[in-house]
Amino acid sequence: MNAPVQPSFAPARQREVVDALRRVLPGHCVLFDEEDTRPYECDGLAAYRQLPMVVVLPETEAQVVAIMQTCHALQVQIVPRGAGTGLSGGAMPIADGVVVSTAKFNKIIKLDKYSRTAVVQPGVRNLAISEAAAPHGLYYAPDPSSQIACTIGGNVAENSGGVHCLKYGLTVHNVLRVRMVTIEGDVVELGSGALDAPGLDLLAVFIGSEGMLGVVTEVTVKLVPKPQAARVIMASFDDVVKGGNAVANVIAAGIIPAGLEMMDKTSSRMVEPFVKAGYDIDAEAILLCESDGTVEEVEEEIGRMTAVLNASGATAIACSASEAERLRFWSGRKNAFPAAGRISPDYYCMDGTIPRKKLAQVLLGIAEMEKKYGLRCANVFHAGDGNLHPLILFDANLADEFDRAELFGAEILELCVEVGGTITGEHGVGIEKINSMCVQFSPAEREAFFKLKRAFDTAFLLNPDKAIPTLHRCAEYGKMHVQRGQLRFPDLPRF
């Protein structure tokens with residue numbers, strides 16, 4: 001690994017910004033010493049790091065307003081940050097900017113069992129909402145793998161999903177209202193507590209905007225009743241093509257499982273010693289298919305799914321007989337990322353989405369890329385909605401392995417676009433996929449994205465240079481595409 005990233009801002013500018021912020025915030029809410037700001041230098045995409053000039057941790061909405069007004073007046077760029085579990089570099093600091101952490105906004109303001117809603121601050125953990133709602137027989141449906149740590153503000157920024165998003169939807173389908181502060185310091189409410197709100201659907205625009213339009217201070221989420229019963233099928237396949245086709249067959253049969261996940265042999269062999277989930281480590285692919293609802297609904301759906309999976313060539317089928325076994329089956333999928341550390345010093349987690357019927361084709365394409373780049377790839381999927389999470393395994397201590405991993409990842413995303421998919425599903429674009437946006441969208445489309453950002457942030461102070469590539473960047477990426485050996489982000493500090 002290289003030496004830690006060094007400060008790259010002017011000390012005089014830092015003093016100016018710190019003095020201005022300490023006039024509107026308590027001193028303990030403003031961090032500027034290197035030992036205090038170092039933990040904020042990256043998010044879950046740890047390959048790219050930048051030491052922030054200042055970090056602020058506001059405790060009230062009024063303080064957020066004051067921060068925004070101060071930074072707007074000084075023309076200081078801002079990066080909003082939740083728990084930092086994001087995997088696309090969306091919360092990576094800017095060299096001479098301010099990181100606004102919402103970690104102290106961690107209260108559940110109101111939970112209404114009758115309207116089945118919860119009003120929460122952005123620093124509330126995803127899982128904490130379900131824990132608070134459990135006594136009322138309710139829970140919050142989106143369940144990303146990081147749900148024990150990720151916060152609802154970050155979920156809103158990235159439009160997070162999870163293993164149950166096939167049936168229950170992404171964050172955008174489970175949020176009714178967002179209260180946020182613009183870069184000028186105006187407090188704006190998007191959406192409402194009702195099923196619809198008057199005017200343009202700006203709530204859907206804001207969710208998934210990766211901190212580029214405003215800073216969240218409050219969120220109203222929908223809660224759903226905890227199902228009476230839930231069971232999961234684990235189906236084994238001796239061929240990844242059969243497994244991929246089985247996913248499409250389940251959906252084609254008119255079945256919408258609560259969860260439909262796929263793992264290849266590399267993934268299951270990586271996970272099984274770690275969590276002992278009971279996976280078939282000899283299978284080329286396994287599917288996890290969950291049904292929930294009333295006891296009668298689950299029994300009927302499990303029977304239908306079993307028939308489809310057998311007809312699709314499953315070599316073995318096991319069905320959870322208890323809640324403990326159901327959770328054990330899911331524990332392997334939920335722990336796929338940390339389990340990668342057992343077989344590789346480093347991994348690079350990609351995120352793309354494809355049509356379900358193209359799963360087998362893409363898996364075969366990734367297998368060819370493994371040979372091309374000389375790297376292993378463990379494949380885990382939100383297979384039901386076509387959301388891929390290939391884990392490219394590499395060793396950063398070996399020359400050029402990370403460069404090859406990045407090129408490998410970029411080619412996977414290009415394949416996703418080629419088969420009619422998209423370059424992201426739930427991780428966002430951030431800095432990781434900004435070049436791949438050049439492959440997905442035309443110059444006119446990218447300019448439309450910039451026009452939307454200007455409507456909220458004319459000065460481009462909120463999380464700039466993320467998510468939307470400039471014309472110049474796309475031109476440079478085109479040159480790199482030809483040469484194929486250069487770094488994707490030559491201007492960013494790495495490791």
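Positions are given from 1, in the same order as the sequence printed here.
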Is a side-chain N or O of [X] found less than 3.5 angstrom from the main chain of [Y], in a donor-acceptor match?
{"X": "S312", "Y": "V308", "answer": "yes"}
{"X": "K433", "Y": "G428", "answer": "yes"}
{"X": "S209", "Y": "M212", "answer": "no"}
{"X": "S267", "Y": "M263", "answer": "no"}
{"X": "S146", "Y": "A149", "answer": "no"}
{"X": "H136", "Y": "A133", "answer": "no"}
{"X": "D264", "Y": "N379", "answer": "yes"}
{"X": "N245", "Y": "A360", "answer": "no"}
{"X": "D292", "Y": "P227", "answer": "no"}
{"X": "Q147", "Y": "L127", "answer": "no"}

Could you give all pairs that pass the salt bridge (charged side-chain N to carboxylate O under 4.0 Å, His left out) test and reach [range], with sequence neighbours left out?
{"range": "residues 327-336", "value": "D143-K334, E261-R333, E325-R328"}
{"range": "residues 415-429", "value": "none"}
{"range": "residues 122-140", "value": "R125-E131"}

Do [X] and [Y] make a side-chain contact, defined as non-hydrogen atoms from C-beta onward lying under 4.5 Å apart?
{"X": "V221", "Y": "L176", "value": "no"}
{"X": "V178", "Y": "L203", "value": "yes"}
{"X": "F337", "Y": "L87", "value": "yes"}
{"X": "S88", "Y": "V429", "value": "no"}
{"X": "R81", "Y": "V100", "value": "no"}
{"X": "Q121", "Y": "E218", "value": "no"}
{"X": "F456", "Y": "M180", "value": "yes"}
{"X": "C377", "Y": "L393", "value": "no"}

- Task: Let me see the working for V419 and L415 under side chain to side chain contact (heavy atoms under 4.5 Å, CB included), right down to the final yes or no.
- Result: CA-CA 6 Å; V419 301; L415 179 58; 4.1 Å; yes

- Task: Would you please indicate yes or no on a ring centroid separation below 6.0 angstrom for F449 and F441?
- Result: yes

List for me each residue that meets ring pair (Phe, Tyr, Trp, His ring centres under 6.0 Å) alongside [X], sequence neighbours excluded, and say none if there are none.
{"X": "H164", "value": "W330"}
{"X": "Y139", "value": "none"}
{"X": "Y40", "value": "none"}

Might you point out which heavy atoms bring [X] and [Y] nearest each other, and give the distance in Å?
{"X": "S268", "Y": "I281", "value": "O-CG2, 4.0 Å"}
{"X": "T102", "Y": "P122", "value": "CB-CG, 4.0 Å"}
{"X": "F329", "Y": "M234", "value": "CE1-CB, 4.2 Å"}
{"X": "N387", "Y": "G352", "value": "ND2-O, 3.0 Å"}
{"X": "G82", "Y": "S101", "value": "O-OG, 4.5 Å"}
{"X": "A396", "Y": "D346", "value": "N-OD2, 2.8 Å"}

Determine whether more than 12 heavy atoms belonging to other residues, nucleotides or ligands lie under 6.0 Å from atom [atom1] of [X].
{"X": "D465", "atom1": "CG", "value": "no"}
{"X": "K453", "atom1": "NZ", "value": "yes"}
{"X": "I148", "atom1": "CD1", "value": "no"}

- ring-ring contact (aromatic ring centres under 6.0 Å, His included): pairs with one or both residues in residues 403-438, sequence neighbours excluded: Y373-F408, H389-H427

- Task: With sequence neighbours excluded, give me every ring-ring contact (aromatic ring centres under 6.0 Å, His included) pair touching residues 245-267.
- Result: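 Residue pairs passing ring-ring contact (aromatic ring centres under 6.0 Å, His included), neighbours aside: none found.
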
- Item | side-chain contact (heavy atoms from CB on, under 4.5 Å) partners for T422, two or more places apart |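 side-chain contact (heavy atoms from CB on, under 4.5 Å) check on T422 returns T353, Q440.
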
- Query: L398: what forms a side-chain contact (heavy atoms from CB on, under 4.5 Å) with it, not counting sequence neighbours?
  - Reply: D395, E401

So, taking the atom named [atom1] in [X] and the one named [atom2] in [Y], what distance separates them when rounded to the nearest 0.5 Å?
{"X": "R326", "Y": "S320", "atom1": "CZ", "atom2": "OG", "answer": "7.0 Å"}
{"X": "M437", "Y": "K466", "atom1": "CE", "atom2": "NZ", "answer": "14.0 Å"}
{"X": "F237", "Y": "I286", "atom1": "CZ", "atom2": "CD1", "answer": "10.5 Å"}
{"X": "L213", "Y": "N463", "atom1": "CG", "atom2": "CG", "answer": "10.0 Å"}
{"X": "L260", "Y": "M305", "atom1": "CG", "atom2": "CE", "answer": "8.0 Å"}
{"X": "I354", "Y": "L363", "atom1": "CD1", "atom2": "CG", "answer": "7.0 Å"}

- Qualifying residues under disulfide bond (SG atoms under 2.5 Å apart), relative to C474, sequence neighbours excluded: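 Listed in chain order: C438.
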
- Please, which pairs that meet side chain to side chain donor-acceptor pair (under 3.5 Å) have at least one residue in residues 219-235, sequence neighbours excluded? R177-T220, R231-E299

- Task: Test salt bridge (Lys or Arg N to Asp or Glu O under 4.0 Å) on D385 and R356 and set out the steps.
- Result: CA-CA 7 Å; D385 58 356; R356 283 181 290 264; over 6 Å; no

- Message: Could you check whether D238 pairs with K242 (Lys NZ or Arg NE/NH1/NH2 to Asp/Glu carboxylate O, under 4.0 Å)?
- Response: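 Judged by the 4.0 Å cut-off on N to carboxylate O distance, D238 and K242 do form a salt bridge.
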
- Message: Strictly below 4.0 Å, N to O, side chains only: are D282 and R269 in salt-bridge contact?
- Response: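 Yes.
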
- Message: Testing N126, T171, N174 one by one against N155 for a side-chain hydrogen bond (donor to acceptor under 3.5 Å, both in side chains), which residue passes?
- Response: N126

- Decide whether D351 and T424 meet the rule of one side-chain donor and one side-chain acceptor closer than 3.5 Å.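 Per modelled atom types, D351 and T424 side chains form a pair under 3.5 Å.
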
- Of V250, L309, I317, which is the lone residue that meets side chain to side chain contact (heavy atoms under 4.5 Å, CB included) with L287? L309

- Testing F402, Y347, Y348 for ring pair (Phe, Tyr, Trp, His ring centres under 6.0 Å) with F394, which one passes?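 Of the listed residues F402, Y347, Y348, the ring pair (Phe, Tyr, Trp, His ring centres under 6.0 Å) partner of F394 is F402.
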
